[in-house]
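Below: one structure, written as structure tokens.
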Amino acid sequence: YQRRVHGEKRKVLIRKGMAYVPHKHIIQLIESTFRAKLSAELSKTIKARANLEATEKNRVLQFLDLMVEHHDVDQNKVEYIDPTSRLDRRQVHDVAQLHFPLCMRHLDEHLKSNHHLKFHGRFQYGTFLKSAGLALDDSLEFWKSEMTQSSKKVTSDTWAKSRYAYAIRHFYGAEGKKASLSSMGCTKIIMGSAPGPEQYHGCPFRHWNEQTLRKEISKQRPNPVSGIRRELTVIGNSIEPTTSQVEEIVKKAKGAFYTAACHQYFVMTHPKTKDDSLFNSPIAYYNASKRYAEEMNEEIRKRDWEAKMSYNAVPVAPAVFPIPQPAIPTTDNSKSDNNEVDTPTIEPPQETKEAPYEQISITPPVTPSLALPEGDMEEDV
């Protein structure tokens with residue numbers, strides 16, 4: 001049943017708050033509902049994976065990891081970049097070393113050294129930079145500065161009419177069908193074509209051999225927070241992977257758990273991270289790395305501020321005014337037989353020790369009805 005209502009084409013019949021779905025659309029409805037529920041439950045299961053390793057390692061975890069590899073967790077969750085946070089073309093290479101996933105950093109390094117990427121590499125990296133916040137004009141200038149250094153046919157003057165510039169404008173929806181392209185997800189990259197000679201696209205955990213992968217992930221990496229803070233005395237400016245960390249990542253990659261291996265690499269290069277969910281796209285990795293740097297910078301800033309305040313604080317001694325208390329009057333029992341009135345004796349105040357600050361001595365008032373014996377009280381000063 002299709003009907004146009006207010007210019008919109010409806011595929012269901014709505015009566016009294018109920019939607020009547022035609023039989024031919026039932027499968028589509030059930031499939032979308034099942035996918036949404038499956039994604040939500042898989043996300044919960046991944047977070048509880050640590051508790052399952054002790055009891056269900058052989059029975060459940062292998063099946064679970066295999067499902068995750070072939071199913072995008074949180075497919076309906078789209079990663080967006082804050083419009084106010086743009087990626088500058090002059091900072092692309094520096095940001096790549098700090099926040100890009102291994103697949104995109106690999107493409108950036110070869111583009112920087114060879115000044116050329118083939119089609120699959122340009123598509124994978126170009127759409128990623130677009131999603132990361134690189135504007136169309138900056139993207140054209142960025143690729144122009146790189147590609148014109150290696151190509152003899154394409155120069156700065158002929159760049160605008162080249163097929164390279166056309167492809168970049170096509171990414172942004174400025175050419176062809178005017179449809180803006182999204183960056184590639186992890187599943188599409190993993191299941192895509194393997195890189196051939198002089199090609200650098202694909203997933204390193206899927207397409208690289210064990211020796212190449214181990215060598216790359218064993219390299220010392222700059223701390224992502226160092227992009228904000230140049231001196232990190234607490235967590236260090238660089239990260240040195242340990243042998244056990246490297247072997248754990250290689251083991252996951254050999255077991256065909258590519259997304260889990262990528263997340264383990266993120267945990268290794270981002271100390272004290274709180275992100276415990278797998279990434280379904282390179283842009284999700286990039287966003288998580290940026291959030292990590294901002295959160296760690298805020299934590300370090302707060303710690304530095306507290307240390308500065310405690311260092312600059314000057315202890316002030318409280319003012320003390322010692323007041324001598326009168327002694328309790330004592331009674332002489334020997335005079336009780338003569339019915340004489342006992343005279344209370346007030347002991348003189350004891351001298352106080354000298355203090356590094358001025359002391360004020362206050363003498364208590366003398367009660368007129370009490371007669372003080374001579375010689376028992378020193379003269380007031």
Side-chain angles (χ1 to χ4, degrees), residues 46 68-69 72-74 77-81 85 87 91-112 117 120-134 182-192 194-195 199-208 212-227 238-239 241 245-246 248-250 252-253 256-271 273-296:
I46 291 301
V68 172
E69 291 301 327
D72 285 340
V73 180
D74 289 339
K77 180 182 177 182
V78 182
E79 291 284 346
Y80 290 101
I81 295 293
S85 177
L87 182 61
Q91 300 176 347
V92 170
H93 296 311
D94 294 334
V95 175
Q97 295 299 315
L98 296 173
H99 303 298
F100 284 8
L102 183 57
C103 56
M104 297 304 170
R105 193 174 74 239
H106 181 62
L107 287 168
D108 181 80
E109 289 173 351
H110 281 280
L111 176 62
K112 184 179 179 180
L117 288 176
H120 291 291
R122 293 197 306 272
F123 183 84
Q124 181 175 325
Y125 193 44
T127 54
F128 170 81
L129 292 177
K130 169 182 170 293
S131 298
L134 189 65
S182 302
S183 59
M184 299 176 65
C186 290
T187 302
K188 190 173 182 179
I189 295 175
I190 291 172
M191 303 302 293
Q199 291 183 328
Y200 308 101
H201 63 278
C203 173
F205 304 99
R206 167 67 176 86
H207 299 115
W208 290 6
T212 304
L213 179 62
R214 179 179 282 105
K215 179 181 178 181
E216 183 64 28
I217 64 179
S218 300
K219 293 181 180 179
Q220 189 180 55
R221 299 300 311 157
N223 195 303
V225 191
S226 61
S238 60
I239 298 170
Q245 290 175 329
V246 172
E248 184 178 358
I249 296 174
V250 173
K252 290 182 181 296
F257 305 134
Y258 311 118
T259 309
C262 182
H263 181 264
Q264 191 64 34
Y265 181 74
F266 178 89
V267 173
M268 182 183 70
T269 55
H270 296 71
T273 180
K274 299 178 182 179
D275 198 310
D276 57 354
S277 59
L278 301 181
F279 305 117
N280 57 6
S281 65
I283 197 65
Y285 184 110
Y286 172 73
N287 289 345
S289 181
K290 294 280 287 184
R291 287 194 300 267
Y292 165 84
E294 294 172 358
E295 292 172 359
M296 291 299 297

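Just so you know, these numbers use all the heavy atoms, side chains as well, and skip hydrogens, waters and symmetry mates. Count residues from 1 along the sequence.
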Which atom of Q220 lies closest to which atom of S238, heavy atoms considered:
NE2-OG, 3.3 Å

What is the ring orientation for H110 with H106, classed by angle as parallel under 30°, tilted 30 to 60°, or perpendicular over 60°?
perpendicular

Between T269 and P241, is there a side-chain heavy-atom distance shorter than 4.5 Å?
no

With a 4.5 Å limit on heavy-atom distance, are the side chains of T187 and N280 in contact?
no

Rounded to the nearest 0.5 Å, what separates atom CD1 in I283 from atom CG in L129?
8.5 Å

Nearest 0.5 Å please: distance from the CE atom of M268 over to the OG atom of S218.
7.5 Å

At their closest point, which heavy atom of L102 faces which heavy atom of E216, and how far apart are they?
CD1-CG, 3.7 Å

S289: partners by side-chain hydrogen bond (donor to acceptor under 3.5 Å, both in side chains), with sequence neighbours left out:
H99, H270

Does a salt bridge link R105 with E109, judged by any charged N lying under 4.0 Å from a carboxylate O?
yes

Residue list, side-chain hydrogen bond (donor to acceptor under 3.5 Å, both in side chains) with R122, at least two apart or on another chain
none

Shortest non-hydrogen contact between T259 and I190, atoms and distance:
OG1-CD1, 4.1 Å

Are side-chain heavy atoms of H201 and F123 found at a separation under 4.5 Å?
no

Mind listing the closest non-hydrogen atom pair of M104 and I189 along with its distance?
CE-CD1, 4.5 Å

Pairwise distance CD1(I217) to CZ(F205) - rounded to 0.5 angstrom:
6.5 Å

Closest non-hydrogen atom pair, M296 against V225:
CB-CG2, 3.6 Å

Where the side chain of Y292 meets the backbone of K274, is there a donor-acceptor pair that is under 3.5 Å apart?
no

Under the side-chain hydrogen bond (donor to acceptor under 3.5 Å, both in side chains) test, which residues partner R221, sequence neighbours left out?
Q97

Taking every non-hydrogen atom, the tightest pair across S182 and T127:
O-CB, 3.9 Å

Spacing of CD1 belonging to I249 relative to CG belonging to L213, to within rounding of 0.5 Å
8.0 Å

For C103, check side-chain contact (heavy atoms from CB on, under 4.5 Å) against everything at least two apart and list the hits.
P101, Q124, P204, P282

What residues, two or more places apart in sequence or in another chain, satisfy side-chain contact (heavy atoms from CB on, under 4.5 Å) together with A96?
F100, D108

side-chain contact (heavy atoms from CB on, under 4.5 Å) partners for Q91, two or more places apart:
D88, V95

Rounded to the nearest 0.5 Å, what separates atom OG1 in T273 from atom CZ in R291?
9.0 Å

Nearest 0.5 angstrom please: L278 CG to Q264 CD, how far?
10.5 Å

